Amino acid sequence: MFSGIDEVDWASMEHAYGPADDVPELLRGLASEDPAEREAALDGMYGAVHHQGDVYACTLACIPFLFELAVDPEVQDRGSVVELLTSIGGFDLDEDDEAEIDEDEIEGAANYAMAAAAVTAGAGVFFELIADEDAGVRLAAPLALATLHRHPVRVLALLRERLPVEPDEEVRLALVEAAGRVALRHRPLAGRVAQWLGRLASRAHSPGLRLAALAQLARCSPDGLPGDVVPVVSGLLREMRSPPEGDGAEGGGAEPDRDPDPDAEPVDPDAETVDAEPVAAAEASRGEQVATPTLVGQLRSLSAQESAGRGAPWAADLLRTLHVGLDDRVGDRTALLADQLRSPDRRQRIDAVRMSGGLIRAWRGPYEELVALVGDQLSDAEPRLAEAASHVLEELFGLAAPAADALAARLAARPGDWVKSWASGPPGLGSTVKALARLGDARAVPALAAALELPQVAHDVGFAVGHLGAAAQPLAGALRSRLAEMELDEGAYDRASPLLAGLTGLRAGEATPEVLRVLRGAPQYRGEWLRTAALRALGSFGPAAREAVPELRALISRPGTASATEAAEALWAISGDAEAVLPALIEGLQSPQVHERRAAAVALGSLGPRAEMVAPRLRGLLAHEELWLRVDAAIALWEVSGRSQETVEALLAGWERSRHVRVRVAECVARMGPVPEGSAAAHVLRSELVSVRRHNAMDGGYGSHDIHEDEKLLALCRQALRGTGKGTTA
């Protein structure tokens, strides 16, 4: 094994962390008899040689040696090697990707292409591995074939031929998943795959296999799903929870089918073939696993914890796949999750809570029943279930209303969870407190009061106070006291910002002396941030902060600075003295910093017609290259001039350019009054309201306020359209 490995000039190559001269040691580690050494080597391969999916010259040089490892029966844990090869060779560079490659990325793109070619050239070995004695290898081989082999018809025929004789249920599911991958990668075969999956889903197979077939059918041909997919899937889940007669194991399912598939196509005789006889042992070793401090080890440990005690640990993955395939069928997905949330199986309910969060983040719909069922989990004795439910509800803001009483009950029962402490960084509010506060529910106030009594105030107290509004007014005294006693040292910003945010939310003008102390004594470290927070607080107080006027006039005497613009905005809110603030704001509009120009435009807009003389300057910004500045300038132009036509045109152009500006645009359009029926604005707003997808939904990520922002956008669209005539969605 590894013939020629020392002849490769590894030192001349690099990986993610420097010279690649350690790669031979990693490759040899993959062949070690020591499980810990194998795992450390695998972690090194993913962490350096194939870092975050990257392909380097040393990654390409590894490919022949990885194939040697994959086919050597003496090597343990070869399934992981097959997975690594699949990842290295499975990158698809389509025409759109090629068009976007710049000069600096050419070498990387070439490496991806060479890796795909090299691994694909050797993919025939996976035909042999699909019947390997090691179940871990058999588990990885189907997806490798579906991803890498050049002849998908042969691959599909082999998958169908292998299924009836495969004794391991999890491997059988992998065969079905691989068929779905073939259909997705080779669309002309999708119809053929869908027919086969439909037959698997409807026959007397194990419930797990039928669920896997439905999940893949949803991915590659959702129109082929049965009309009663929700009750079918719910029935399969019940079967999986109930042991078959005479079997005490949970979720055992039916025996593997031994009869050949009558619809299976024979494998091409010229292609690589496999022994179709059943393997000797149904539960062949997948390789000994050990706990190691590597990332791979931690991921495996987490996976093992999630799977512990589950009769069908793969069921959650199948359901997630099914939900992805159902896509915008929100009604079906909601009904399925509601059924899962009523399951007696706590683990199934944990999965359902998490998937409910994913559904609500990405799609709009009527979620009252689903949210109430998530709220029901808060009282469960299983801490992971209750905690998962609490975290989902935290993101829902107003949509969490059906669970308000359940949140309040959990809050009252668990005062120890009101504030969470961490090994590093400031403490934060517990998710139950945040969820209730974001609903504006006064029952969160005692928890916030307790948080304000702790030695270190939770960093998010102020934001929670802001959502509660007048209900949190009793907290103003505590916020003032903590701010007054706070030392203005280099850590002042971290300690003061939550207090200032809370006072801002309450518009607590009586706190002006305490805020002025912070403004005057802001330290050098993060002092600019601290002054910004203090000025925002003073501006929110309005005329009640009149004693701050001299201080603010002194600050705007230095025009062209961020502090001058922020001070001018606060001074206008407090005194209404347009003549005093206009020079500073006009100067800010010419700042070389885009964010300062935006702040000046917003502040000028708040002056309304008193700032009409700056309309030409604002109009000139409508062609600026920075989108957000164009939007802010357009809004300010309408506010100072009252002319809506050119403003609306600019705003709608921004709307189409970026989804991220839509809330800001809708706020302005809604303030303009009902939009004319049949106008371009009405068309855009109605199109947004009929879209099922949330405007800010992202694949692979999300923000904690995404749902709140999208619901706000919908409310603004309805407000803007209200009274526009027949067909309004208000």
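Any value given below was found using the heavy atoms of this structure, including those in side chains, with hydrogens, waters and symmetry copies removed. Fair warning: this is a prediction, and the values are worked out from it, not measured in the lab.
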J.: Quick one, Glu239 with Leu236, criterion side chain to side chain contact (heavy atoms under 4.5 Å, CB included). Give me CA distance, side-chain angles, the key distance, then yes/no.
T.: CA-CA 5 Å; Glu239 284 187 59; Leu236 293 174; 4.0 Å; yes
J.: Return the CG to OH distance between Leu26 and Tyr46, rounded to the nearest 0.5 Å.
T.: 13.5 Å
J.: With side chain to side chain contact (heavy atoms under 4.5 Å, CB included) as the test, would you mind laying out the steps for Ile707 and Arg361 before giving the verdict?
T.: CA-CA 6 Å; Ile707 296 171; Arg361 282 185 212 112; 3.9 Å; yes
J.: Are the side chain of Trp10 and the backbone N or O of Ile5 linked by a donor-acceptor pair below 3.5 Å?
T.: yes
J.: How long is the straight-line distance from OG of Ser356 back to NE2 of His323, given to the nearest 0.5 Å?
T.: 7.5 Å
J.: Can you measure from CD (Glu39) to CD (Glu37) and round to the nearest 0.5 angstrom?
T.: 12.0 Å
J.: Just by distance, with hydrogens left out, do Arg192 and Gln195 show a side-chain donor and acceptor under 3.5 Å apart?
T.: no
J.: Search all heavy atoms of Arg172 against all heavy atoms of Leu163 and return the closest pair with its distance.
T.: NH1-O, 3.0 Å
J.: Can you check whether Leu30 reaches Phe65 side chain to side chain, under 4.5 Å on heavy atoms?
T.: no
J.: Apply side chain to side chain contact (heavy atoms under 4.5 Å, CB included) to Asp376 and list each qualifying residue two or more places apart in sequence or on a separate chain.
T.: Leu373
J.: Report yes if some heavy atom in the side chain of Asp345 is under 4.5 Å from a heavy atom in the side chain of Leu237; otherwise report no.
T.: no
J.: Please determine whether a side-chain nitrogen of the Lys or Arg among Asp706 and Arg694 lies less than 4.0 Å from a carboxylate oxygen of the Asp or Glu.
T.: no
J.: For the side chain of Ser390 and the backbone of Ala386, is there at least one donor-acceptor N/O pair under 3.5 Å apart?
T.: no
J.: What do the steps show when you test Leu27 against Met45 for side chain to side chain contact (heavy atoms under 4.5 Å, CB included), and what is the final call?
T.: CA-CA 8 Å; Leu27 289 168; Met45 293 297 294; 4.3 Å; yes
J.: Enumerate the salt bridge (Lys or Arg N to Asp or Glu O under 4.0 Å) contacts for residues 325-335, please, sequence neighbours excluded, ordered by first and then second residue.
T.: Arg329-Asp332
J.: Tell me every residue that passes side chain to side chain contact (heavy atoms under 4.5 Å, CB included) with Ala118, counting only those two or more places apart in sequence or in another chain.
T.: Ile63
J.: Which heavy atom of Ala144 sits nearest a heavy atom of Val82, and at what distance?
T.: CB-CG1, 3.9 Å
J.: Has the side chain of Arg185 got a donor or acceptor atom that lies under 3.5 Å from a matching backbone atom of Thr147?
T.: yes
J.: In Å, rounded to the nearest 0.5 Å, how long is the span from CG of Leu326 to CH2 of Trp363?
T.: 11.0 Å
J.: Which atom names give the shortest non-hydrogen contact between Phe67 and Val119, and what distance separates them?
T.: CZ-O, 3.5 Å
J.: Are any side-chain N or O atoms of Arg210 and backbone N or O atoms of Val233, one a donor and one an acceptor, separated by less than 3.5 Å?
T.: no
J.: Taking the side chain as every heavy atom from C-beta outward, state whether Leu214 and Pro226 have any atom pair closer than 4.5 Å.
T.: yes
J.: How close do Leu370 and Ala338 get, counting heavy atoms only, and between which atoms?
T.: CD1-N, 3.8 Å
J.: List the residues meeting side chain to side chain contact (heavy atoms under 4.5 Å, CB included) with Ala352, not counting sequence neighbours, and say none if there are none.
T.: Leu337, Gln340, Leu341
J.: Is Glu369 paired with Arg342 through a side-chain N to carboxylate O contact shorter than 4.0 Å?
T.: yes
J.: Considering residues, nucleotides and ligands other than Glu382, do more than 12 of their heavy atoms fall under 6.0 Å from its CD?
T.: yes
J.: Closer than 3.5 angstrom, by distance alone: can the side chain of Ser32 be matched with the main-chain N or O of Arg38 as a donor-acceptor pair?
T.: no
J.: Where the side chain of His149 meets the backbone of His151, is there a donor-acceptor pair that is under 3.5 Å apart?
T.: yes
J.: When you measure from the side chain of Arg320 to the backbone N and O of Met355, does any donor-acceptor pair fall under 3.5 Å?
T.: no
J.: With a 3.5 Å cut-off and no angle check, do the side chains of His391 and Glu387 form a donor-acceptor pair?
T.: yes
J.: Examine distances only and state if a side-chain atom of Ser202 and a backbone atom of Arg199 form a donor-acceptor pair shorter than 3.5 Å.
T.: yes
J.: Might you point out which heavy atoms bring Asn111 and Val55 nearest each other, and give the distance in Å?
T.: ND2-O, 3.2 Å
J.: Looking at Arg364 and Asp710, is there a salt bridge between them, counting it only when a charged N and a carboxylate O are closer than 4.0 Å?
T.: yes
J.: Hey, are the side chains of Leu200 and Gln216 touching, using non-hydrogen atoms and a 4.5 Å cut-off?
T.: no
J.: Taking only residues two or more places apart in sequence, or in another chain, which ones meet Ala362 in a side chain to side chain contact (heavy atoms under 4.5 Å, CB included)?
T.: Arg693, Ala697
J.: Quick one, Leu378 and Leu393 - any side-chain contact, counting heavy atoms below 4.5 Å?
T.: yes
J.: Does the His15 side chain pair with the main chain of Tyr17, one donor and one acceptor, at a distance under 3.5 Å?
T.: yes
J.: Verify whether one side chain among Thr321 and Arg219 offers a donor that lies under 3.5 Å from an acceptor in the other.
T.: no
J.: What's the shortest heavy-atom distance between Met1 and Leu69, and which atoms?
T.: SD-CD2, 3.7 Å
J.: Using salt bridge (charged side-chain N to carboxylate O under 4.0 Å, His left out) as the criterion, list what pairs up with Asp228, not counting sequence neighbours.
T.: none
J.: Find the distance between SG (Cys62) and OH (Tyr56) and round it off to the nearest 0.5 Å.
T.: 12.5 Å
J.: Kindly say whether Leu217 contributes a backbone atom to a donor-acceptor pair with the side chain of Ser221 at under 3.5 angstrom?
T.: no
J.: What's the spacing between Ile130 CD1 and Leu139 CG if we round to 0.5 Å?
T.: 11.0 Å
J.: Given the rule in the side chain to side chain contact (heavy atoms under 4.5 Å, CB included) test, do Asp339 and Arg238 qualify, once you have shown the distances and angles that lead to the verdict?
T.: CA-CA 10 Å; Asp339 185 79; Arg238 284 192 292 273; 4.1 Å; yes
